[in-house]
There are 2 protein chains.
Amino acid sequence: MTASEVQRGSSRSASAYPPRIAQGLAQGRALRPNGKIVPGDARGHNLSLVLQTLYRSGTQSRADIARVTGLTRVTVSALVTELMADGLVVELGQREDVRPGKPATLIDLNRAGFQIVGLDLSEHAVFRGAVLDLDGNILARAEVALEHRVGEAALALVIDLTRRLVSASTAPLLGIGVGSPGVVDLGGVVLTAPNLGWVDVALQQTLADEFGVGVIVANDANAAVLAEHSFGDADSDAMLVKVGHGVGAGLLLGGTPLFGSRFAAGEIGHVVVGTDGGATCVCGKVGCLETWLSIPNLTAKLAGSEPADRDAVLVEAGQRLGIALAPVVGALNLSEIILSGPTGLLDGVLAQATVETLRSRTMAEFHGFLTLRMTALGQDIVLRGAAVMVLSDSLGVS
Amino acid sequence: MTASEVQRGSSRSASAYPPRIAQGLAQGRALRPNGKIVPGDARGHNLSLVLQTLYRSGTQSRADIARVTGLTRVTVSALVTELMADGLVVELGQREDVRPGKPATLIDLNRAGFQIVGLDLSEHAVFRGAVLDLDGNILARAEVALEHRVGEAALALVIDLTRRLVSASTAPLLGIGVGSPGVVDLGGVVLTAPNLGWVDVALQQTLADEFGVGVIVANDANAAVLAEHSFGDADSDAMLVKVGHGVGAGLLLGGTPLFGSRFAAGEIGHVVVGTDGGATCVCGKVGCLETWLSIPNLTAKLAGSEPADRDAVLVEAGQRLGIALAPVVGALNLSEIILSGPTGLLDGVLAQATVETLRSRTMAEFHGFLTLRMTALGQDIVLRGAAVMVLSDSLGVS
DNA sequence: CTTTGTTTGTTCGTAAGCTTTACTAACAAA
DNA sequence: TTTGTTAGTAAAGCTTACGAACAAACAAAG
């Protein structure tokens, strides 16, 4: 078990950093239970602010950060000193410009110093995972076939996959992020995931215990919309509709994900669409969105229809999606909807039908602002979203 | 113009307090633009925290507040001293209990020391307003008939009404809150309000200039849902559907109102419902929610039908509301929907039809958690919501 | 009646954080 | 060489919250 030892060692050395950091910085974002603020909270927030500035704008000088953040150069210097001591920030030598004055010392996130493990459990037949750098680039991949395993067996598969990825990492881990199907609470407990046969599985805690690193588990569509926000073009208010074996959505409102009163926000697959019947769904209702739009149902319909009718099937599916989304778009005043799933099916007439339906069923004033497009992140959207969750949690970067 | 002078004097003396306070406390809630936190921000937050504790739990001692907030008695004493110097908190003598130890000195918000002016511009034929105390009790009322005035004339009416209410106040004003129909941005500019013929009316700024007090203007349904949260039983995730001349909604997610990317969140009146046609709406589309549910349309249908068919009309309206809300309930995982409007029409078979439709069109797991009820705040819901906005803005109380 | 213990609220000294002010280093331009 | 600008650091000061200690007030036990 040499691999196991290496991995153990790796995770231990990684855990030397994150606990302290994660604690120190998380305070800046989430208020403590009673809501009071102590000086240390302010410092945590400002540390996170410096990291965010570096993360978003890249290499720059302390003075640059001071100008952007409004903090003084003195304070920024102190914060940077602390972050360098923690290994999160590194100096990169002097700026090359020809300008008057003392040359700036460039600093940046220690982008090579940490890596992230991301997992995507949302696909039907495989668990996929990757090692990513802090910029969300994928450095290594791994996957494991599910072969209809459920419950404990599926959980063991997740742990195995994670172990392989942790071993494959070549720098201390900042954390592990997981996008899981189903309903996931804020503590990373998978409350229900029918396809995996999971009920109340404390996935986050299990992985944290196993690997000794910070772990974040969230719904796959929520992870995806975060990825689209960080790496795609999504602004702070967006809805990502993920079409696959089922249909789910992730909502971003004001830059923060929406979870819902029972952590089931975005579960629109089993909302009945329209008032003219439809097919009977596995859930027992008639005319659920999934009966029109899920990939199995859609491919079945396409297989059973003449090639000439292919477009009609896709248009109908797109219209149904538009009908279901119209009240949501109106109620939330959404301006951006993103589709994730098989491009061959979704992009084109289906998406076109969706946006036309949406525009014909909502208020004229908002049509101009409503955009609908495919994600540009492709298959890796959940993996990269999982990385965003880790970055957000342990660095306060968003 | 003696009344005018009195009102002027009143608003001036009121403005001696709020500016400083509002500034000091608002910082605790809204981050400054660049996002940094300085020690003063933390203090503002903690001052607000003490006020919130007093507001929610009423009269208590400094030591009680220390226990609840987690701050030390020392710190609480300092904060209370500052709040007393500002006139926001008063001592009420010693606690009467028979207990060992030094008797506690009771303190409370200076509930009699400030008043609030609230305005409701959302009714069809009248502008209504009131003077309220800090607990949301209505101390005085005033209203003015609209008589189809629009544009500048309607704005003048608002100013007149406000002037009368300011004169009627018997304590310094904490601020003025306004619930306006239409789309209102975060700066209190009414972007569009068709019924009033308003486009880009800077109502908040206008009133602030006129009366020299803090003013908050927001959409009427947003104000209503805040009232329901503070004075009714609504929890932190709720949707309030306001049925009147039009149909609008206010959304509360995680305790904060949702505004939407173009400040038009909740505008569901002109979302098309169902896939089986319907009446043509004034907006040009066919089957908008308002064609079924707005009070004018509903009463017209009731008048044109046999008394025996009355229930059928109401059931149909309720079902249409349910059809429109189902995707929203699913996407946001809402657990609470509140109806506001004429009880005689909405309560009963209509509401029953809505909730049944909702349950039959969304996922089974969430049925048990979904409640739908009428507001208990009646006609004054917007006025009281306007008061909540002022409290929230100037004291940080929510 | 005295003593003991509890609770409240204040005073004093300390630690932490950010700012202002002042300084040195480094370099361009005149 | 002089002047002016920019970067980064150092020292001092102000604000904020905390812990320790203490006085006041009172109940309950002895």
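Throughout, a chain's letter reflects where its sequence line sits, starting with A, and its residues are numbered from 1. These numbers come from a predicted model, not from an experiment. The basis for the numbers below is simple: all heavy atoms, side chains too, and nothing from hydrogens, waters or symmetry mates.
Between V74(A) and Q94(A), the residue anchored nearer the 5' end of DNA chain C, judged by the nucleotide with its closest heavy atom, is V74(A). The residue among V76(B) and A63(A) whose nearest nucleotide of DNA chain D lies closer to the 5′ end is A63(A).
Between S77(B) and dT10(C) there is a side-chain polar atom (N or O) within less than 4.0 angstrom of OP1 or OP2. Between K102(A) and dG4(D), a side-chain N or O to OP1/OP2 separation shorter than 4.0 Å is absent. A sub-4.0 Å separation between OP1 or OP2 of dG8(D) and a side-chain N or O of T105(A) is present. Within the structure, every side-chain polar atom (N or O) of K36(A) is placed at least 4.0 Å from both OP1 and OP2 of dT16(D). Contact check, R43(A) against dA16(C): no side-chain N or O comes under 4.0 Å of OP1 or OP2. Neither OP1 nor OP2 of dA17(D) sits under 4.0 Å from any side-chain N or O of T72(B).
In this structure a side-chain-to-backbone donor-acceptor pair under 3.5 Å is present from R384(A) to G136(A). N110(B) contributes a side-chain N or O that, together with a main-chain N or O of G87(B), makes up a donor-acceptor pair within less than 3.5 Å.
Nearest nucleotide to the R73(A) side chain, out of dC18(C), dT9(D), dG4(D): dT9(D). Listed nucleotides: dC26(D), dG8(D), dG9(C). Nearest to the side chain of P103(B): dC26(D). Closest approach to the N46(A) side chain among dT19(C), dC18(C), dT9(D) is made by dC18(C) (side chain taken as heavy atoms from C-beta onward). Closest to the R67(B) side chain, of the nucleotides dT8(C), dA17(D), dG8(D), is dT8(C). For P39(B), counting side-chain heavy atoms from C-beta on, the closest listed nucleotide (dT16(D), dT9(D), dA17(D)) is dT16(D).
Atom CG in L106(B) sits roughly 17 Å away from atom P in dT7(C) (whole-Å rounding). Between D41(B) atom CG and dC18(C) atom P the separation is 11 Å, expressed in whole Å. Atom pair R95(A):CZ and dC27(C):C1' shows a separation of 14 Å (rounding to whole Å applied). As rounded to whole Å, 17 Å separates atom P of dA25(C) from atom CZ of R62(A). One can place CG of L83(B) at 12 Å from P of dT16(D), the figure rounded to the nearest angstrom. Between Q60(A) atom CD and dA7(D) atom P the separation is 12 Å, expressed in whole Å. Distance CG (L71(B)) to P (dT15(D)): 19 Å, rounded to an integer number of Å. The separation between L47(B) atom CG and dT15(D) atom P is 14 Å, rounded to whole Å.
Atom OG in S61(A) sits 6.0 Å away from atom CZ in R67(A) (nearest 0.5 Å).
There is a side-chain donor-acceptor pair under 3.5 Å between T170(A) and Q115(A). There is a side-chain donor-acceptor pair under 3.5 Å between D108(A) and T59(A).
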Stepwise side chain to side chain contact (heavy atoms under 4.5 Å, CB included) check, L83(B) with V50(B): CA-CA 9 Å; L83(B) 292 171; V50(B) 169; 3.9 Å; yes

